[in-house]
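Notes follow once the structure below has been shown.
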Amino acid sequence: MTTHILGVSAYYHDSAACLLRDGEIIAAAQEERFTRKKFDARFPTQAIRYCLHEAGISLADLKYFIFYDKPLIKFERLLETYVAFSPKGVKSFLAAMPVWLKEKLVMKSVLQNELVSLDGVQKSNLPPILFGEHHESHAASAFYPSPFKSAVVLCMDGVGEWATTSAWLGNDNSLTPLWEINFPHSLGLLYSAFTYYTGFKVNSGEYKVMGLAPYGKPKYVQAIYDNLIDLKDDGTFRLKIDYFNYCTGLTMTNGKFDALFGGPPRKPETWLTQRDMDLARSIQEVTEEIMLRLARTLHRETGAENLCLAGGVALNCVGNGRILRDGPYKGLWIQPSAGDAGGAVGAALTAWYKLENKERTADGTRDSMQASLLGPSYTNEEIEAFLEEKEARYVRLKDEVLFDRLAEELASGKIVGWLQGRMEFGPRALGARSILGDARNPKMQSVMNLKIKYRESFRPFAPSILRERVSDYFEMDTNSPYMLLVAPVVEKRRTQLTEEQKALWGIDLLNVPKSDIPAATHVDYSARVQTVHSESNPRYYRLLKAFEAKTGYPVLVNTSFNVRNEPIVCSPEDAYRCFMRTAIDILVLENCVLYKADQKPLEGDTNWQQEFEMD
Ligand SMILES: [Fe+2]
């Protein structure tokens, strides 16, 4: 008999659902893509509906519904933290309580009610509702889909129930806990404290801190070690909690933290100063050091050849790149949806392997995340029906024409919105919902940042490259299909700077082209690389091949198909709207191609930028 298991993460950040059929991931999606509300944490009604639809089943067909963590233990942590710091945290405790008492403590019946209203199923027909553990869900999401038969697993995030860092040993279908570091000592929260202090939004602005770091100097590294963290040689650590406010307050840092770094936090949306860049660089260096030490320790302790990573900190692709280059492992695999959304995958896989005790096979090379292309897709017929209804002007091109035509347009500087196949699961666009441009074009970075994404000009873009050509461009020769590894651009492609340019520092560096692919090279000559593989991403691969044939360059700039603060587009309608609102020149929906110059402007669509909250 076929076994279906649904994993869900919700109520904290970026809720999601994942459906397994006999252990295989049939579908996975984040709720934000459907509701169009970034990091939507509500119960993922639409994501669940989508997953069930993809499998052609109803809730009553599920063997288990498994939630990714244990709300009662989280509550115990809040309560104990409150008691430990009492009466200091009374304000934040009271602020958190109504949600906890109303929703999280009675989670089982909340979930049951949500499910009943979702597809009208009788309560008595609902599947059993199970609760996983937060870090076990992360660990499972990292190990089970990995290509490895055995591996050590490192999870690092802000906090789940109690654990903030945990180590596991994965072997066949078992996952054994090794050790953990508990709240309030947290690498994720330390990084978030600096995210907050440099004026970005916690839980989403961490990427910006990482992107800003190369503009700064590591001026504050010693101050961090001397005051904020007691870091041991083995990578384990304790934070000095009196500099932070997250145990008791509604902010991340406090006056003592301000005094240490010479002033209050930067106000969001104000000018970035050199201090912010230096702080970003400093916390980035400390984070990399901790990641590397922990990775080395686990190798020493277990002798494992392979390492798997998950938890929000594993989205720090600069740190991941350091582990790859300087660490002791033969194999490294990172769950592409490393944050809490990926907990839905881990929870479902835990039910399959741990509860059902099913056999697991791993061939050492191929993972089972299917390039993370696990979301909805749309046929050309559905797309044409939509475009007709919108009275949009388009042409439907055959594949033999499509790829060559697009390669030519891209090479001439055009920017292409690209929707193909199933939507990505996780925070990165991987060539299914992407905005693409020519990486050789020195103006591409500023045009894409300012006219398309409407976001900060310092933010770098990532290259997609044919897997077989990656080492011609970057100092790496490994698979990186999920864009989670940063590597330096090879020496021979770097631009020789003039003496004058060498003297530049900070944001002034931005306008100096760094290589022959300047739009995808960060100021420190690094790049967040996506390798594109013919088997797992065939249409995107074909486009890169066509671009290579035309220009000699197997590289494109790939950024997510959205504007700042908008969730990545899901449907042709989302893509069309984003195309019409921005300076994207050409929209490609499967085989249907739209040129901006041919379209009538959208009527009454003037205030759209207010739709999306600032991040
Ligand atoms: Fe987490």
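Numbers for residues simply follow the sequence, beginning at 1. Worth saying up front: this structure is predicted, and the values here are computed from it rather than measured. Counting starts at 1 for both ligands and their atoms, in listed order.
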Of all the N, O or S atoms in D157, which one sits nearest to the Fe ion (ligand 1)?
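Looking at D157, the N, O or S atom with the least distance to the Fe ion (ligand 1) is OD2.
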What N/O/S atom of H138 gets nearest to the Fe ion (ligand 1)?
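Atom name of the closest N, O or S in H138: NE2.
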Side-chain ion pair, D234 and K232, N-O less than 4.0 Å:
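Here D234 does not pair with K232 in a salt bridge, since their nearest N and O are not under 4.0 Å apart.
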Any Lys/Arg nitrogen of E133 or K354 sitting under 4.0 Å from an Asp/Glu carboxylate oxygen of the other?
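No salt bridge links E133 with K354.
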Flag, side chain of T164 to backbone of I181, donor-acceptor distance under 3.5 Å
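Yes, the answer is positive, given that a donor and an acceptor are paired below the 3.5 Å cut-off.
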The Fe ion (ligand 1): angle it makes with NE2 (H134) and OD1 (D340), nearest 10 degrees
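Between NE2 of H134 and OD1 of D340, the angle at the Fe ion (ligand 1) is about 90°.
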Do we get R33 above F425's six-membered ring, with its NZ or CZ under 6.0 Å from the centre and within 45° of the axis?
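Judged by the rule (NZ or CZ under 6.0 Å from the ring centre, within 45° of its axis), R33 is not positioned above F425.
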Please find out if the Fe ion (ligand 1) and some N, O or S atom of C155 are separated by less than 2.8 Å.
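Checking C155: none of its N, O or S atoms is under 2.8 Å.
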